[in-house]
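Here the structure comes first, spelled out in structure tokens, and everything after it is commentary.
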Number of protein chains: 2
Amino acid sequence: MQFTNSYKEESVIPDDSVVRPKVKIINCPIKTSLGILGKKWTLLIIRDIGFLKIQRFNRILDSIHGLTPRVLSMRLKELEKEGLIECIEETKSPTRVLWRLTDKGKDTLPILIMLTAFGSKWYSSIVFEDKMPRKLNEIFPQLETKKIFNTYINNS
Amino acid sequence: MQFTNSYKEESVIPDDSVVRPKVKIINCPIKTSLGILGKKWTLLIIRDIGFLKIQRFNRILDSIHGLTPRVLSMRLKELEKEGLIECIEETKSPTRVLWRLTDKGKDTLPILIMLTAFGSKWYSSIVFEDKMPRKLNEIFPQLETKKIFNTYINNS
DNA sequence: TGTTAAAACTATACAAAGTATAGTATAAAA
DNA sequence: TTTTATACTATACTTTGTATAGTTTTAACA
């Protein structure tokens with residue numbers, strides 16, 4: 001997925017109940033985020049590394065059906081270049097590498113959580129064994145779900 | 001973006017601080033959500049219809065640079081089939097159609113808001129005129145940002 | 001009463017991106 | 001010494017997306 005940089009999106013904003021930002025926006029932050037996160041496989045790779053703690057090249061390959069080594073290699077490089085992941089060398093004899101999220105990478109987790117929430121509500125019949133829709137606190141009772149979004153919301 | 005349905009992702013869950021769901025998951029909800037929302041242009045089209053209230057075929061085309069009529073036509077059909085958008089005929093003489101989000105479609109807005117938050121924090125230099133990172137309440141003071149997520153979080 | 005214009009697509013050829021398969025380099029374990 | 005594992009890289013092929021143009025319907029305009 002590639003997005004060009006020219007920006008026409010905010011030019012026309014009609015009136016009725018539009019969610020209108022109160023600060024001047026030059027480039028749409030959604031489009032900007034999707035420029036990195038919107039490519040095929042990228043969010044699943046972040047899910048593996050950050051959520052499931054599947055952090056090695058071949059483990060990720062095993063985990064994501066359809067993903068090929070070439071594309072995984074490209075995506076890891078892109079994510080590393082964008083500062084979302086970093087690699088730590090476990091050993092250097094049989095080159096053993098672990099990938100982990102940076103602070104910037106960790107800030108994508110609220111997006112993954114919202115994708116989880118959406119899927120758990122509207123696709124519960126294929127997601128859950130009992131086919132019942134669930135809210136986030138039912139899926140992750142150990143997480144203080146409201147605190148997840150503190151990075152992005154001021155508590156004033 | 002197309003994702004196959006076989007599910008191997010939850011098979012290996014190592015130990016340290018994995019976000020482990022407390023209910024049995026058959027298909028990953030993130031992968032499931034991305035099956036519909038993860039295709040190129042889809043989230044930008046939802047942004048137009050739901051956020052910016054750009055709701056007509058050619059208005060959306062004008063708004064999203066690089067999107068072609070063929071792909072827009074395909075995406076609108078996919079989204080309609082999946083029940084995320086519906087069309088209302090304004091007039092039928094010069095066929096004038098308006099697209100709007102269904103309740104299911106509106107439930108994708110928290111995902112868009114998180115993409116906004118991520119872009120506003122980490123790409124503020126290209127998003128905002130003054131290049132300063134911002135939290136959600138600063139961008140949308142009129143929105144009760146915490147309430148946006150009520151659909152997905154139990155208040156018990 | 002043509003002609004133009006707008007809306008909402010549809011068709012075709014072409015280009016970019018992703019996929020399948022196989023191969024490389026390194027080094028430890030059997 | 002052969003096998004296995006890790007982390008890629010290369011090549012050909014297939015799918016998907018892109019650019020350009022065309023179609024249909026009606027309505028307003030000259």
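Every chain is numbered from 1, with letters handed out A, B, ... down the list of sequences.
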Quiz prompt | Closest to side chain of B:Val71, choosing from D:dG17, C:dG18, D:dC8 | solution = D:dG17
Practice problem: Mind checking side-chain hydrogen bond (donor to acceptor under 3.5 Å, both in side chains) for A:Glu86 and listing every partner two or more places apart, or none if nothing turns up? | Solution: A:Arg100
Quiz item: Taking OP1 and OP2 of C:dA17, is either one under 4.0 Å from a side-chain nitrogen or oxygen of A:Trp41?
Solution: no
Quiz prompt | Atom pair distance, as rounded to whole Å: NE2 in B:His65 and P in D:dG17 | solution = 18 Å
Self-check item: Nearest-neighbour nucleotide for the B:Ser73 side chain, C:dA11, C:dT19, C:dC9 considered
Solution: C:dC9
Quiz prompt | Given D:dT18, D:dT6, D:dT11, the nucleotide with the shortest approach to the side chain of A:Arg59 | solution = D:dT6
Quiz item: Between A:Arg70 (CZ) and D:dT11 (P), how many Å, whole number?
Solution: 11 Å
Quiz item: Is B:Glu78 paired with B:Lys81 through a side-chain N to carboxylate O contact shorter than 4.0 Å?
Solution: no
Exercise. State whether the side chain of A:Lys31 and the backbone N or O of B:Ile64 hold a donor-acceptor pair below 3.5 Å, judged by distance alone.
Key: no
Quiz prompt | Between C1' of D:dG17 and CD1 of B:Ile45, the distance in whole Å | solution = 13 Å
Quiz prompt | Separation of atom CG in B:Leu76 from atom C1' in C:dC9, rounded to whole Å | solution = 10 Å
Practice problem: Write down the distance between CD1 (A:Ile60) and C1' (D:dA7), rounded to a whole number of angstrom. | Solution: 11 Å
Exercise. Using a cut-off of strictly less than 4.0 Å, decide whether A:Lys40 has a side-chain nitrogen or oxygen near OP1 or OP2 of C:dT19.
Key: yes
Self-check item: A:Thr42 side chain to A:Gly38 backbone, donor-acceptor under 3.5 Å
Solution: no
Exercise. Would you mind reading off the distance between B:Leu61 atom CG and C:dA7 atom C1', rounded to a whole angstrom?
Key: 11 Å
Exercise. May I have the distance from A:Leu72 (atom CG) to C:dA20 (atom P), rounded to whole angstrom?
Key: 14 Å
Practice problem: Give me the ring orientation class for B:Phe118 and B:Tyr123: parallel if the planes are under 30° apart, tilted from 30 to 60°, perpendicular past 60°. | Solution: tilted
Exercise. Look at the side chain of A:Arg56 against the base of D:dT6 and say whether a donor-acceptor pair falls under 3.5 Å; ignore hydrogens and angles.
Key: no
Exercise. Between C:dC9, C:dT19, D:dA7, spot the one nearest the side chain of A:Asn58, thanks.
Key: D:dA7
Exercise. Round to a whole Å and report the spacing from CZ of B:Phe57 to P of D:dT24.
Key: 17 Å
Quiz item: 5'-most contact on DNA chain D: B:Pro69 or B:Met74, nearest heavy atom basis?
Solution: B:Met74
